[in-house]
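So the structure is just underneath, and the comments pick up after that.
In the text below, chain A, chain B and the rest are named by the order of the sequence lines, each starting its count at 1.
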Amino acid sequence: MIEHLQRFFVAATILRCAVGSERRSLPVRAKGDAPSAFANTSTIRVPRGLTVIERKLMAVHNSDVVAMFQEMADLLELEDESTFRIRAYRQAATTIDELGRNLGQMIENGEDLSELQGIGKDLAGKIERIIETGSFDDLEELRKRTTPSLRELTHIPQIGPKRARLLHEKLGIENLDDLEDAVNEGRLRELKGFGKRAEEQILSAMETGRRKKERRLLSEVEEAAESLEAFLNSLNGVKDACVAGSYRRKAETVGDLDSVVSSSQPGKIIDQFVEYEDIDQVINKGKASSSVLLRSGLQVDLRVVKPESYGSALIYFTGAKNHQLTLRDMALDKDQKLNEYGLFDKKDKQLAGKTEKDIYKAFNLAYIEPELRENRGEIDAAAKQNGLPKLIDIDDIRGDLHCHTTWSDGRASVEKMAETAKERGYDYLAITDHSKRMQMVNGLSGKDLRKQAEEIKKVDEKIKGLTLLAGCEVDILEDGTLDLSDDDLNDLDVVICSIHSNMNLSSRKQTDRLLRAIENPNCQIIGHMRGRKVLERDEIDIDLERLLKEAKDAGCAIEINADPHRRDLDENGVRFALDIGLKFTVSTDAHSAAGLDQMKYGVWTARRGWVEKKDVLNTGTMNSLRKALRSR
DNA sequence: GCCGTTTTCGGCCCGACTGTTTTCAGTCG
């Protein structure tokens with residue numbers, strides 16, 4: 001949390017400094033840091049009179065650039081700028097968000113950012129400017145020229161940029177408080193386009209504090225999605241039903257539940273749907289679609305289509321948007337049209353639509369699994385014979401190589417963990433408690449590990465059909481040395497090396513730290529390499545590509561941590577690692593017996609990174625696993 | 001602002017729903 005706040009503070013400092021009217025320059029490079037393209041080595045401007053304490057600035061994160069491009073797009077919308085210019089900023093933001101590589105690092109490597117999808121010379125220049133100064137001129141001017149607080153208004157459902165602007169121009173409304181006052185004083189209804197319903201909607205949104213949907217972890221929405229899907233399938237007149245969207249693609253986070261139902265009686269389905277017991281509020285209810293809020297605040301968007309359109313509706317609502325748009329472009333190239341109702345020729349004759357396979361086939365493409373539909377080359381691959389990967393499956397996993405027990409901060413005993421692994425049908429399980437540096441979780445010393453090994457051996461003998469491996473998740477210290485000596489580690493079957501402290505070192509120091517760990521022959525697996533927590537904590541700053549290459553040369557495997565909060569290495573890193581020939585382990589980092597069930601999230605990340613069974617060490621037998629782990 | 005069986009400028013996804021209107025603009029996904 002502290003780390004998060006620090007990052008926020010630094011980002012806020014950069015932004016505040018950059019908008020000051022009177023400016024002077026201040027070099028802010030921290031002592032000992034190497035020159036780089038990051039903000040921590042550049043000159044930033046600060047307003048006169050602001051007391052400046054020398055502070056080590058973080059590298060500019062891709063997410064900072066994304067936020068600025070989104071803000072730019074929002075402010076342009078409030079100015080009624082051309083939709084295409086706005087869309088260009090949003091498209092660029094999406095590209096950067098999904099990039100998986102640090103922009104500053106790319107610039108440092110001399111790469112041309114304008115080669116990225118949707119980023120031309122102009123935006124490439126603006127990105128460089130952001131990384132140098134923390135902002136860019138057009139945004140600063142726009143912030144001055146417009147009323148940035150109007151963005152708040154668009155957080156109210158059914159109020160978009162046009163209505164926000166109207167409210168500002170006609171009633172002088174600048175923020176949510178002004179809006180509430182205007183409603184209460186009856187001024188809103190004087191405005192053309194606003195009536196009783198608008199007043200109700202605004203007051204309701206104020207009351208519930210409802211804002212535009214926030215994203216949630218996949219694991220947090222799973223139960224709701226499964227119940228919803230079961231409910232939809234149980235309705236009268238339903239032929240098929242599916243929760244699509246990012247939930248179906250098994251993304252790390254989910255914004256809402258996009259659902260599709262196949263039925264020839266749409267109205268009847270919608271009528272039954274709005275009676276779903278988990279619904280808190282019906283946002284809208286049409287003839288063939290409806291949006292509702294569940295009690296948890298999660299939004300569900302339902303669309304009902306005829307059976308002959310179910311496949312195309314699934315493709316449409318599963319997304320990702322750019323996957324679906326690429327298909328649409330392909331249709332246009334052939335003088336055809338693809339929408340949620342099917343693929344149509346010039347005369348509007350349906351060519352395909354009943355199943356997803358039919359649609360892909362009409363484009364001469366192999367079926368593309370939902371996890372791959374991110375417009376990351378899957379369509380090109382599907383056009384080639386055997387071009388798509390044969391994705392790893394949860395059933396391919398034969399053991400878990402990362403879990404904790406009551407010896408450190410786990411909640412179950414060695415025996416309980418072993419029994420549970422056996423029940424899951426695993427061939428092996430590695431017990432990998434924390435090392436001594438992690439004092440707050442009772443990390444183990446070399447002596448403790450030897451004692452634990454005796455217990456592991458006993459349990460191993462007791463539980464037939466499962467091989468219990470003695471291991472450790474060893475801390476990588478700030479200087480890159482390991483928390484335990486070679487002597488302590490030599491006898492272990494599995495050594496995972498992870499970072500748990502000093503998460504905010506400079507990119508150079510953090511990279512050097514991991515390089516040193518990788519050089520250590522005891523480092524068989526690097527655990528949760530990015531150190532991030534989804535929606536909670538940024539990743540550590542490292543030269544990921546360099547580290548992955550070094551790991552490959554050294555024979556280290558990279559963990560795909562299956563904890564739904566981590567999913568680390570992330571899918572973009574996985575894809576890069578895969579391309580350079582690295583091997584992975586997929587493990588849960590379970591801290592309880594139930595935690596072993598989290599394996600699916602790791603498998604989903606692997607699948608989203610195009611990983612096959614052969615790329616993962618713990619899909620092999622005990623013997624092949626021993627051979628595949630780095631020899632010491 | 002990007003892109004291009006490009007080269008200098010035109011096209012850029014599109015359908016459902018809502019509220020207020022009386023045929024449509026704005027919003028959303």
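For Asp380(A), the side chain to side chain contact (heavy atoms under 4.5 Å, CB included) criterion is met by no residue, not counting sequence neighbours. In this structure, Phe363(A) has no ring pair (Phe, Tyr, Trp, His ring centres under 6.0 Å) partners at least two apart in sequence or on a different chain. Applying the ring pair (Phe, Tyr, Trp, His ring centres under 6.0 Å) test to Tyr341(A) and every residue at least two apart in sequence or in another chain returns nothing. With sequence neighbours left out, Phe576(A) forms a ring pair (Phe, Tyr, Trp, His ring centres under 6.0 Å) with no residue at all. Every residue was checked against the salt bridge (Lys or Arg N to Asp or Glu O under 4.0 Å) condition with Arg575(A), not counting sequence neighbours, and none meets it.
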For nucleotides 3-7 of chain B, tabulate all protein N/O to nucleotide N/O atom pairs closer than 3.5 Å, reporting atom names and distance.
{"from": "dC3(B)", "atom 1": "OP1", "to": "Gly118(A)", "atom 2": "N", "distance (Å)": "2.8"}

Enumerate the protein-to-nucleotides 20-22 of chain B contacts in which both atoms are nitrogen or oxygen and the separation is below 3.5 Å.
{"from": "dT20(B)", "atom 1": "OP1", "to": "Gly195(A)", "atom 2": "N", "distance (Å)": "2.2"}
{"from": "dT20(B)", "atom 1": "OP1", "to": "Lys196(A)", "atom 2": "N", "distance (Å)": "3.4"}

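For Gln299(A) and dT27(B), the CD to P distance is 16 Å, given to the nearest whole Å. Distance Arg163(A) CZ to dT27(B) C1': 7 Å, rounded to the nearest Å. We find that CZ of Phe273(A) is positioned 18 Å from P of dA16(B), with the value rounded to whole Å.
Screening residues 65-74 of chain A for side chain to side chain donor-acceptor pair (under 3.5 Å) gives Gln70(A)-Arg90(A), Glu71(A)-Arg143(A), Asp74(A)-Arg90(A), Asp74(A)-Arg151(A) as the qualifying pairs, with residues at least two apart or on separate chains. Annotation: side chain to side chain donor-acceptor pair (under 3.5 Å) contacts involving residues 307-322 of chain A, sequence neighbours excluded, comprise Arg248(A)-Thr318(A).
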